[in-house]
Protein chains: 2
Amino acid sequence: MLDTPNLDRRAERYKATVAEIIQAAWELARAGGLAGLSLRELASKVGMRAPSLYSYFDSKNAIYDAMYAQGAREFLERETRLPFTGDPLEDLKTITHFFFDFSTEDPVRYQLLFQRSIPGFQPSPESFAISIKGLEVLRERLTAMGFNEPDMLDLVTAVGTGLTSQQISNDPGGDRWARLVDESVDMLINHLNRMKRRSER
Amino acid sequence: MLDTPNLDRRAERYKATVAEIIQAAWELARAGGLAGLSLRELASKVGMRAPSLYSYFDSKNAIYDAMYAQGAREFLERETRLPFTGDPLEDLKTITHFFFDFSTEDPVRYQLLFQRSIPGFQPSPESFAISIKGLEVLRERLTAMGFNEPDMLDLVTAVGTGLTSQQISNDPGGDRWARLVDESVDMLINHLNRMKRRSER
DNA sequence: GTCTATATTTGGATAGAC
DNA sequence: GTCTATCCAAATATAGAC
């Protein structure tokens, strides 16, 4: 049959258009805010009229969901590729820097993935599952370091989130809190060791 | 003259209506999100039609600004009344608990005051000045404890913000991060002392 | 100071021709 | 798959009568 290649090409073209739409959506969101994204603008940016988008996505929320899934996948892939050494201090620094950099390099993505502050939108279970895995990697890292209590994980995420959100809110584009990441991880490790000794008694 | 009492009463009635509108605005924002606040709904809640609100506020943003100012004033008043002892550890715990409790008891207020994530809205300089004073109290407290470097203040705000935002985002109404506040302040104090020793060398 | 009526803009989403 | 045309809903804000 000669049909199969044609079908393939059509499917590929379709997928490429989907990717182009998502890409344009990120750009508009970065420019005008996540909540400010409008379908008319989005369509116009990819050379379409608004109704044509519905050939690719069922709704506006479906677009947010695709963005969410892409962001979570990206996070997971980069996290998985991090070069861990086995040294607790170094490894916790690596993962904290990674979270900080990933978040601050695209605040809109941070908002969508980690603040879920967009009214009426919740990621689909499939998309959410991807981002659960991201936290799981951190949990496993901490366990490998001997820090396996839930409170320890919560403390680490609190510090990482705090540095990140202060950087984004109060010094966007700067390094006022970025400079404190290493320092904060030293602080954390010291304290996690104290917690560990305490719980071993 | 008999006019003055009447004028007073009118002015008081007017002020009372303004207060009632702001109160209703908070309630609607808590129910349907800060960005979701609509003038129709707001007017309806106080027994008016939307255009009548313009007798009290110039615009929707003026309403946000009044909410912001009220929240910042409330923060400052309660912060000023905190019972400080002079013991660094206790005092930092007091102020951190205060920030955490104030923020988590009303996440919408937290969002308006500390995340400024409402598109197109920026507090007026007068309103913003109130909230600057709030941070100033913390700075003075830290200075009184001998922790007077900017990095130390930034580290403290990062930890406070992180605990708070994790609590609000990932365990609303619960106490998963609330239970870590004392622990985190211990951690902070230990580290601030290390920083101090380091900088004294 | 409050109303009705309306201007104006904008949004998401659908119907149906091509 | 894309379009035009349209629906429908909602928003902020203004004009002008009372």
Practice task
Quick one: list whatever passes salt bridge (charged side-chain N to carboxylate O under 4.0 Å, His left out) with Asp175(A), sequence neighbours left out.
Solution key: Arg179(A)
Problem - With sequence neighbours excluded, residues passing salt bridge (charged side-chain N to carboxylate O under 4.0 Å, His left out) with Arg139(A) - result: Glu136(A)
What donor-acceptor contacts under 3.5 angstrom involve side-chain atoms of residues 44-58 of chain A, with partners at least two apart or in another chain?
from     : atom 1 : to       : atom 2 : distance (Å)
Lys45(A) : NZ     : Glu27(A) : OE1    : 3.3
Ser52(A) : OG     : Arg49(A) : O      : 3.4

Contact list please: [range] against DNA chain C, heavy atoms, distance less than 4.0 Å, in numerical order.
range                     : value
residues 18-47 of chain A : Leu37(A), Ser38(A), Leu39(A), Arg40(A)
residues 48-55 of chain A : Pro51(A), Tyr54(A)
residues 57-71 of chain B : none

Handout entry: side-chain hydrogen bond (donor to acceptor under 3.5 Å, both in side chains): pairs with one or both residues in residues 87-108 of chain B, sequence neighbours excluded
Key = Arg30(B)-Asp106(B), Arg78(B)-Glu105(B), Thr85(B)-Asp91(B), Asp91(B)-Arg141(B), Lys93(B)-Asp186(B), His97(B)-Asp182(B), Glu105(B)-Arg109(B)
Practice task
For DNA chain C, note the earliest and the latest nucleotide, 5' to 3', having some atom under 4.0 Å of a heavy atom belonging to chain A.
Solution key: dG11(C) to dT14(C)
Handout entry: Contact list for residues 156-191 of chain A, test ring pair (Phe, Tyr, Trp, His ring centres under 6.0 Å), sequence neighbours left out
Key = none
Exercise for the section: Quick one: which residue pairs count as a ring pair (Phe, Tyr, Trp, His ring centres under 6.0 Å) with a foot in residues 110-146 of chain A, not counting sequence neighbours? Expected result: Tyr64(A)-Phe121(A), Phe75(A)-Phe114(A), Phe99(A)-Phe114(A), Tyr110(A)-Phe114(A)
Fill in the blank from the handout: side-chain contact (heavy atoms from CB on, under 4.5 Å) filter on Ser169(A), not counting sequence neighbours, yields none
Handout entry: Test side chain to side chain donor-acceptor pair (under 3.5 Å) applied to Arg198(B) - qualifying residues, sequence neighbours left out
Key = Glu183(A)
